[in-house]
Amino acid sequence: MSERLAVKKTYKLYIGGKFPRSESGRSYQVTDSKGRFLANAAWASRKDARDAVAAARKAFPGWSEATAHNRGQVLYRVAEMMEGRRAQFVDEVGSSEGLGRSRAEKVVDEAIDRWVWYAGWSDKIAQVVGSSNPVAGPYFDFSVPEPTGVVAVLAPQRSSLLGLVSVLAPVLVGGNTAVVTSSYERPLPAIALGEVLATSDVPGGVANILTGRVGDTAPTLASHMDVNAIDLAGVAGDDEHAVQLELAATENLKRVVRAPAKEPDWTAEPGLGRITSFLETKTVWHPVGI
Amino acid sequence: MTKFEYAPAPESRAIVDIKSSYGLFIGGRFVDPTQGTSFKSVNPATEEVLAEIAEAGREDVDAAVSAARTAYTKTWSSLSGRDRGKYLFRIARIIQERSRELAVLESIDNGKPIRESRDADIPQVAAHFFYYAGWADKLNYAGFGTNPQPYGVAGQIIPWNFPLLMLAWKIAPALATGNTVVLKPAETTPLSALLFAEICQQAELPPGVVNIITGAGDTGQMLVEHPDVDKIAFTGSTEVGKAIARSVAGTSKKATLELGGKAANVVFDDAPLDQAVEGIVSGIFFNQGHVCCAGSRLLVQESVYDDVLARLKRRLTTLRVGDPLDKNTDVGAINSAEQLARIRELSDVGESEGAERWSPPCELPDRGFWFPPTVFTGVSQAHRIAREEIFGPVLSVLTFRTPAEAVEKANNTPYGLSAGVWTDKGSRILWMSQQLRAGVVWANTFNKFDPSSPFGGYKESGYGREGGRHGLEAYLKVGEAA
């Protein structure tokens, strides 16, 4: 009996809840840590980035107005779906990052648990960072966090899954929608994550994932007038590129999370910084009287 | 409604002692600028020259930053939070004691009615110092982790519309959190900041903790670009705010920006109309409309448009425009010739683009910078007077039919500083306050401020918050992603 011929997967972008190829028709070869061919991944263009922004903007009203409880449920569902695909993620993280099986398993488990951690914040963050303000007058005055809007997320280059989840989940939990550029050399876990998101009740367009060169799409995202914030984690250590993007982001005063000098250790507990960086504080006043 | 004739009731200016010239306040004393250049501060209500003001050049900015750095390293950072707080309490008390002097000086230099400087600006200034004084020894409980750290030297640039209040919004939280500051007041309104420098001396604040340098945009730019400044806080135009954002890009400096606005003030047909009219008036004519969060776009539901306009026009005929030091004055002088020119230009554009202009009959003084309260009707969303910040007593009126249309029009702006909503329906108030993309929403009120209440913008109105617990974050190394 002859060996079964495997069915190979086509690796595509994730935009607006669908899996298109790059409109440019381009792809690039993805290899494992030892240089062996793994797959052809879609090479996203500037047009793909603009399409992704349009999809994210369209999804913003629904996602930002969903109840915090509902967002928490949906993000927890992402963890559930990842758990079901754990073996695939272990394979892809292992080959992408050159990790042995047990280390790859630890990374994947941490990534799944990170979704759980962030999911739980959805209906708690407002109580931690919001306030009732004791103003000197007959007014009821309160401050609540609201999502900033559409956030461009340049995901880390090295940590292809845990790093990716660590920059995407905090953006989504606050009610923002996201356009993510994945690691260039290690895109397969990001593509698999897109497939997980598509089956996790995350509405289409809430998270959009582009594979390809960050240098091709990031300038478009950084200068895009309908993007409200950008996380530069993906250009850590590349000062020249980071400054260019930060400059482009000033055109509409995007909120910027700057690129660190080197990619951080993503295994540490994240803290609230990445959630609050993409939240606005709204203060509401109303008179009190009879 | 008739306007009663009131006899003039001028506040005495004898309480204020304006010197003929002022130096820079660096390292706890007034010094002459290195280059020796100066400019004049004028009373916008009379065009009288008030004083010669030193213009800080590069060496002066260096000296001020260096004084702030030394004070940070040698004294302020090692002082206990309790003692930092006590200095701020002292300052708050002296401001209360000298409040009349500060109010009169502010009205003379800025042109705002004494009623506003006396009853709004100066009490808020004192309250702001009092509020943040109390935080200085409680930072561990502020929700920013244990022992949150200051940045070091803060460079602060403030506008001319609320000179001393903006100073308080900047200096009080900066000092409470343990930073030292170099502050540049606006070119046209430096006097109250220079009097504040004297108050720092009176309070025996350690030299260099507060430095005040005067000058125009160039001085501000030198301060922003100075390599030994750790933190920039700016209130002013969106254009300058973007330039500052570009300047700090690629540095380790942290910036907070409180910029322009084009706030919608939305009036529904079930609103208490007389109250709404008062809110509309205070929303755009308070402080001559020189307010970044001014309600400059009035959105009225079509069914009550005629009624609201009639009441509004009637109310505007009772406004008293004139001498800022007269206690009956409602609307004072435009702050500068330059600002007056901008208001005139945009108003002319409003007419030429087809909107209809109306002002109540009012006599304006012969000297000084004046502009009557002005209402534009028939304004479309594409008109420049509906899109650009005029920063003057000019209201653009638009209409809407449904709540959804109101929201769409209100949010149709790159700004997002503030918004107003007037309705008697509770659920609609809360829905509107969720829908409006702005940092402050005033429901059935407008232009209210409090030291405990966070203030700041969405979108191109800037980032960061001033006031309340949130205001501490701008001056602490917290909240930043790794």
Side-chain angles (χ1 to χ4, degrees), chain A residues 61 64-65 128-131 133-137 139-144 146 148-149 166-167 170 225 228-229 231 233 239-240 242-258 260 264-266 268 270-278 280-287, chain B residues 123-124 127 131 143 145 238 241-252 257 259 275 414 416 418 426 429-430 433-446 448-465 467-470 473 478-482:
Chain A
S64 61
E65 288 174 33
V128 173
V129 303
S131 58
N133 310 311
V135 297
Y139 296 92
F140 180 51
D141 179 304
F142 61 95
S143 296
V144 288
E146 288 193 346
T148 295
S166 301
V167 293
M225 294 300 275
N228 301 103
D231 185 337
D239 287 350
E240 199 179 326
V243 173
Q244 288 309 315
L245 295 172
E246 208 180 318
L247 280 171
T250 63
E251 190 52 43
N252 65 339
L253 293 171
K254 289 180 182 66
R255 286 71 173 124
V256 176
V257 171
R258 285 174 170 157
D265 171 17
W266 298 103
L272 295 184
R274 271 204 154 74
I275 303 180
T276 57
S277 292
F278 305 112
E280 307 290 321
T281 297
K282 174 181 279 177
T283 300
V284 181
W285 292 68
H286 195 278
Chain B
Q124 285 278 324
Y131 176 82
T238 288
K242 287 180 181 178
I244 289 173
R246 283 193 294 275
S247 167
V248 304
T251 71
S252 58
L257 304 170
L259 309 174
Q275 288 172 40
S418 65
I429 288 169
L430 295 174
S433 68
Q434 287 177 339
Q435 295 292 317
L436 293 164
R437 299 287 291 165
V440 183
V441 176
W442 286 294
N444 291 329
T445 185
F446 210 94
K448 296 292 178 218
F449 308 93
D450 192 274
S452 71
S453 181
F455 181 92
Y458 282 32
K459 300 194 283 186
E460 293 186 27
S461 289
Y463 34 72
R465 290 293 176 270
R469 184 193 72 84
H470 294 75
E473 188 175 349
V478 292
E480 286 174 285

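Proteins get letters first, then strands, A, B, ... in listed order; numbering begins at 1 in each.
B/Q434 places none of its side-chain heavy atoms less than 4.5 Å from the side chain of A/V284. B/T251 places none of its side-chain heavy atoms less than 4.5 Å from the side chain of A/E246. Contact annotation: the side chain of A/H286 approaches that of B/N444 to within less than 4.5 Å [non-hydrogen atoms, C-beta and beyond]. A/N133 places a side-chain heavy atom less than 4.5 Å from the side chain of B/P454. When side chains are defined from C-beta on, A/W285 counts as touching B/D450, because their heavy atoms get closer than 4.5 Å.
Chosen from B/A243, B/A438, B/S247, B/G468, the residue pairing most often with chain A at heavy-atom distances under 4.5 Å is B/A438. For the options B/G439, B/P451, B/G250, B/G462, heavy-atom pairs under 4.5 Å to chain A are most numerous at B/G439. Ranked by heavy-atom pairs under 4.5 Å with chain B, the list A/D239, A/L253, A/N252 is led by A/L253. Interface remark: of the candidates A/V243, A/V129, A/V135, A/V135 forms the most heavy-atom pairs closer than 4.5 Å to chain B. Counting heavy-atom pairs closer than 4.5 Å to chain B, the top residue among A/I275, A/V128, A/V144, A/D141 is A/D141.
Closest approach of A/T283 to B/S453, counting heavy atoms only: CG2-OG, 3.2 Å. Minimum interatomic distance between B/H470 and A/S143 (heavy atoms only, all atoms of both residues): CE1-CB, 4.2 Å. Closest of all the heavy-atom pairs between A/P287 and B/T445 is CG-CB, 4.2 Å. Nearest heavy-atom pair, B/Y463 versus A/K254, reported as atom, atom and distance to 0.1 Å: CE2-O, 3.8 Å. Of all the heavy atoms in B/K459 and A/N228, the pair that sits closest is CG-ND2, 4.5 Å.
Taking OG1 of A/T276 as the reference point, atom CD of B/E473 lies at 5.5 Å (rounded to 0.5 Å).
For the pair B/R437 (side chain) and A/T148 (backbone), a donor-acceptor distance under 3.5 Å is present. In this structure, the side chain of A/K282 does not engage the main chain of B/Y458 through any donor-acceptor pair within 3.5 Å.
Heavy atoms of A/A136 lying under 4.5 Å from chain B belong to its backbone as well as its side chain. There is no contact between B/I244 and chain A, counting heavy-atom distances below 4.5 Å. Contact of B/A127 with chain A is not made at all, since no heavy-atom distance falls under 4.5 Å. Heavy atoms closer than 4.5 Å to chain A are found in the backbone of B/S252, but not in its side chain. Residue contact with chain B, scored on non-hydrogen atoms closer than 4.5 Å, involves the side chain of A/E65 exclusively.
For the side-chain contact (heavy atoms from CB on, under 4.5 Å) test, residues two or more places apart in sequence or in another chain that qualify with A/T250 are B/A245, B/R246. Remark: B/F455 pairs with B/W169, B/F449 by the ring-ring contact (aromatic ring centres under 6.0 Å, His included) rule, at least two apart or across chains.
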